[in-house]
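Encoded as structure tokens, the structure appears first; notes follow it.
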Amino acid sequence: MALETSCDETAAAVVRGLGEVLASEIASQIELHRPYGGVVPEVASRNHTLNLRTVLETTLTRSGISLRQIQIFAATSGPGLNSSLLIGNTVAKALALASNRPFYAINHLEGHLLSPFQTDQFDGNIPPFLGLIVSGGHTMLVKVNGFGVYQLLGATRDDAAGEAFDKGAKMLGLPYPGGPEIERNARGGDPAAFSFPRGLIQDGTLDFSFSGLKTALLYQTRRMSDGEVFKRLPDLCASYQAAIVDSLVAKTEAACAQTDLKVVALSGGVSCNLAVQQGLRRMAHRIGLELRVSPNALATDNAAMIGFVASLRWRNGLVPSPLSEEVDPNLPLLIP
Ligand code: KG4
Ligand code: ZN
């Protein structure tokens with residue numbers, strides 16, 4: 001059983017064997033945070049406390065497994081909001097202690113990273129691959145040499161891709177979370193209507209930058225009346241989205257060229273975006289790569305991906321985490 005409460009989703013899952021998902025429940029707090037235009041940490045942790053018991057009980061009922069049958073417990077221990085991480089982490093530790101079962105503290109980013117492999121066909125082997133994690137808090141390229149062997153190749157120097165979507169949407173008067181809103185409004189828009197910058201695209205590194213793009217959108221909207229912004233919303237959204245897609249595609253292609261990896265795995269909330277998927281798919285097809293995309297249910301925050309990593313750790317004979325291990329809001333993805 002895995003719990004995930006790193007941000008604003010209260011999530012629990014029961015997985016079996018090599019990551020087969022028996023039940024995965026998510027209580028979203030999006031509506032509560034929407035009036036603030038982003039996640040308010042105190043509101044998030046308070047609602048995890050209120051929701052977790054129900055989410056846990058529903059997950060167990062739907063899984064058909066009783067608490068006594070659970071063999072290992074796991075929870076996200078970082079990165080994320082401290083007071084939110086504490087809730088799921090403490091509850092999972094308490095359940096492990098009371099049932100005399102092992103507890104695994106799992107890195108949220110490792111959950112995202114491996115989620116494209118969590119399918120019914122998974123054979124237990126994580127092949128070498130290039131991971132592109134694109135979420136609200138992170139944008140990174142990771143070279144994976146096998147389970148637990150990770151090397152960070154590049155990351156955003158300012159905003160994450162999801163954050164760029166969220167902040168761009170806010171400027172355009174669209175609600176939080178902005179990613180799905182921009183994607184929806186971009187339909188029928190012309191991606192070449194506005195020329196927005198592709199940050200760091202020629203700088204030779206594998207890093208990303210989205211702050212210049214955000215500023216460019218701000219200046220563009222300042223030059224327009226509210227009526228014009230409304231009228232040109234599809235073009236603005238399509239052009240803004242295209243700039244994000246181009247940056248992601250260019251750096252992923254460069255990382256593949258540098259590493260000679262043949263498999264790219266896309267994960268995190270932004271991987272739900274069809275323009276992002278299409279941009280990467282075209283590039284993968286052009287240069288002969290295999291692209292794996294995490295299924296939508298595993299792309300945005302969920303506990304099944306945490307359970308998957310925990311079951312891999314257990315099956316690989318890795319020692320459980322001590323109950324004294326603390327949560328870490330800035331937990332890095334381990335680099336050997
Ligand atoms: O992985 P996630 O659920 O949470 C974090 O770990 O951050 O990602 C949430 C982010 C938000 O910024 C949201 O706007 C973005 O994923 N997102 C999208 C889409 N769906 C969610 N961005 C672009 N297009 C989407 N369809
Ligand atoms: Zn996440």
Side-chain angles (χ1 to χ4, degrees), residues 1-4 6 9 11-24 26 63 72 74-77 79 104-135 138-153 161 248 252 255-256 259-274 276-277 280-281 283-285 288-318 331 333-336:
M1 158 162 280
L3 305 183
E4 149 65 47
S6 66
E9 321 280 7
V14 175
V15 303
R16 178 166 62 189
L18 291 171
E20 180 196 357
V21 184
L22 295 183
S24 177
I26 303 167
S63 73
I72 66 170
T76 306
S77 59
Y104 284 92
I106 304 296
N107 187 310
H108 182 80
L109 295 172
E110 192 175 14
H112 278 308
L113 182 69
L114 303 185
S115 62
F117 295 89
Q118 192 174 2
T119 65
D120 292 344
Q121 290 83 43
F122 180 63
D123 61 4
N125 288 313
I126 297 289
F129 73 92
L130 177 75
L132 173 61
I133 306 175
V134 274
S135 72
H138 297 86
T139 296
M140 46 173 68
L141 280 164
V142 183
K143 182 173 185 239
V144 176
N145 298 314
F147 177 56
V149 194
Y150 311 132
Q151 186 189 346
L152 185 64
L153 300 180
L248 296 176
T252 307
C256 287
T259 56
D260 219 20
L261 290 166
K262 297 284 177 246
V263 179
V264 173
L266 173 67
S267 61
V270 179
S271 67
C272 297
N273 186 291
L274 294 181
V276 171
Q277 290 184 18
L280 286 164
R281 197 164 285 127
M283 181 272 288
H285 184 71
L289 301 172
E290 182 191 341
L291 176 70
R292 281 173 172 260
V293 181
S294 90
N296 271 9
L298 299 175
T300 48
D301 287 349
N302 66 89
M305 67 181 188
I306 303 302
F308 183 50
V309 179
S311 50
L312 280 169
R313 282 232 216 141
W314 195 45
R315 291 195 158 246
N316 281 283
L318 299 182
L331 189 67
L333 190 64
L334 281 182
I335 300 155

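L152 is not listed as a side-chain neighbour of L333, based on a closest heavy-atom distance of 4.5 Å or more. Between V276 and S271, the closest side-chain pair of non-hydrogen atoms is not below 4.5 Å. Side-chain contact between R281 and V293 is present, with heavy atoms from C-beta onward closer than 4.5 Å. Counting heavy atoms from C-beta on, the side chains of V134 and N273 never come closer than 4.5 Å. Here the side chains of D301 and I26 are not in contact, with every heavy-atom distance at 4.5 Å or above. Side-chain atoms of T76 and I106, non-hydrogen and from C-beta on, never get closer than 4.5 Å to each other. Looking at V263 and V144, their side chains never come closer than 4.5 Å, going by heavy atoms from C-beta outward. Counting heavy atoms from C-beta outward, H138 and P79 have side chains that approach closer than 4.5 Å.
Judged purely by atom type and a 3.5 angstrom limit, N145 has no side-chain atom pairing as donor or acceptor with the backbone of K143. Within the 3.5 Å criterion, the main-chain N or O of A105 finds a donor-acceptor partner in the side chain of R313. Under a 3.5 Å cut-off, the side chain of T139 and the backbone N or O of A161 do form a donor-acceptor pair. In this structure a side-chain-to-backbone donor-acceptor pair under 3.5 Å is missing from Q151 to L153. Remark: the backbone N or O of V309 is not paired with any side-chain donor or acceptor of E110 at under 3.5 angstrom. Not a single donor-acceptor pair under 3.5 Å links the side chain of E20 to the backbone N or O of D120. The main-chain N or O of L109 is found under 3.5 Å from a side-chain atom of N107 such that the two form a donor-acceptor pair.
Only one option out of V14, V21, V15 pairs with S63 in a side-chain contact (heavy atoms from CB on, under 4.5 Å); it is V14.
Of all the heavy atoms in G124 and L312, the pair that sits closest is O-CD2, 4.3 Å. Residues L3 and A12 approach most closely at CD2-CB, 3.6 Å, considering heavy atoms. Nearest approach of S311 to G17, heavy atoms of both residues: CB-O, 3.7 Å. Considering all non-hydrogen atoms of both residues, S267 and S294 come closest at CA-OG, 4.1 Å. The two atoms that bring A74 and A310 nearest to each other are CB-CB, 3.5 Å, heavy atoms only. Residues Y104 and L318 approach most closely at OH-O, 2.7 Å, considering heavy atoms.
Rounded to the nearest 0.5 Å, atoms OG1 (T300) and NE2 (H112) are 8.0 Å apart. Between the CZ atom of F117 and the CG atom of D123 there is a distance of 10.5 Å, given to the nearest 0.5 Å. Annotation: the span from L266 atom CG to L113 atom CG amounts to 11.5 Å, rounded to 0.5 Å. Distance check, rounded to the nearest 0.5 Å: CG of N302 to CD of E4 gives 7.5 Å. The CG atom of L130 lies 11.5 Å from the NZ atom of K262; values are rounded to the nearest 0.5 Å. One distance of note links CE of M305 with CG of L298; it measures 8.5 Å at 0.5 Å rounding.
A perpendicular orientation is assigned to the rings of F308 and F122, their planes being inclined by more than 60° (bins at 30° and 60°).
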Report task. Quick one: do T252 and L141 satisfy side chain to side chain contact (heavy atoms under 4.5 Å, CB included)? Show the steps, please. Result -> CA-CA 7 Å; T252 307; L141 280 164; 4.0 Å; yes
